[in-house]
Amino acid sequence: MKIFLDDIKQQCETCTNCPLYKTKTHTVFSDGNINAKIFFIGEAPGENEDLQGKPFVGMAGKIMNKYLELAGISREDDLYITNIVKCRPPQNRKPKVSEKKACFNFLCRQIELINPKVIVLCGGTALETFIKGKKISDVHGQNIKIEINEKTYNAVPIYHPSPLCRVPDKQKITVDDLKKIFQLAQT
Ligand code: URA
């Protein structure tokens with residue numbers, strides 16, 4: 001499996017399907033365990049992620065690490081982490097539809113290879129990519145079935161850890177959602 005993931009990673013690193021490759025420092029492909037049962041999808045790399053080539057290593061990542069620890073989840077062992085787009089959008093703007101489309105096939109191939117028990121849709125961008133017309137506030141913590149290349153997966157939306165996502169009680173809600181996700185991954 002690793003050899004196929006390395007192949008996709010290399011294709012991402014040389015991808016010119018959208019303009020984001022022109023302004024990136026590093027392609028941010030993934031972090032974590034390729035044998036994990038939980039596949040975690042964020043939005044896009046920020047400044048720190050772009051500089052280090054790893055997802056969720058900046059402020060949002062630090063907050064997420066805390067939530068994971070409180071939920072009893074090991075970032076290194078229990079998660080495979082990636083984003084909807086692999087290159088940083090300038091000024092951390094939201095990725096455009098065309099950029100998400102250009103990256104979508106890479107993401108689907110990652111999911112197929114990892115074959116997780118649960119996909120975590122972290123934040124609105126990940127949610128709307130797979131589940132249309134729903135708000136995180138209505139569906140966070142719920143197990144929603146999604147289909148990717150004719151295979152059905154469990155997907156659970158959660159709030160994005162970014163400090164910009166201001167929701168009262170977000171820490172408690174998200175830690176509870178992560179605990180449910182961990183349980184679901186053990187089934
Ligand atoms: N926010 C995301 O959605 N992804 C990252 O990798 C970092 C911050």
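Every number for a ligand or one of its atoms is a count from 1 in the order of the listing. Every heavy atom of this structure was used, including side-chain atoms; hydrogens, water molecules and symmetry mates were not.
On a distance-only criterion, Pro55 and ligand 1 share no N/O pair closer than 3.5 Å.
For Lys54, the closest heavy-atom approach to ligand 1 does not fall below 4.0 Å.
Between Tyr80 and Phe39, the two ring planes are tilted [angle within 30° to 60°].
Remark: minimum distance from atom 4 (N) of ligand 1 to any protein heavy atom is reached at Asn83 OD1, 2.8 Å. In this structure, atom 7 (C) of ligand 1 lies nearest to the protein heavy atom Glu49 OE2, 3.2 Å.
Annotation: ring-ring contact (aromatic ring centres under 6.0 Å, His included) contacts of Tyr159 (sequence neighbours excluded): His140. Every ring-ring contact (aromatic ring centres under 6.0 Å, His included) that Phe104 has, sequence neighbours left out, goes to Phe130.
Salt-bridge formation is not detected for the pair Asp176/Lys180: no Lys NZ or Arg NE/NH1/NH2 atom is positioned less than 4.0 Å from an Asp or Glu carboxylate oxygen.
Summarising the contacts of atom 5 (C) of ligand 1 with Ala44, Ala60, Gly42, the nearest heavy atom is found in Ala44.
In summary, the atoms of ligand 1 found under 4.0 Å from a heavy atom of Glu43, numbered by their order in the structure, are 2 (C), 3 (O).
Checking Glu47 against Asn92 by side-chain atom types alone, no donor-acceptor pair falls below 3.5 Å.
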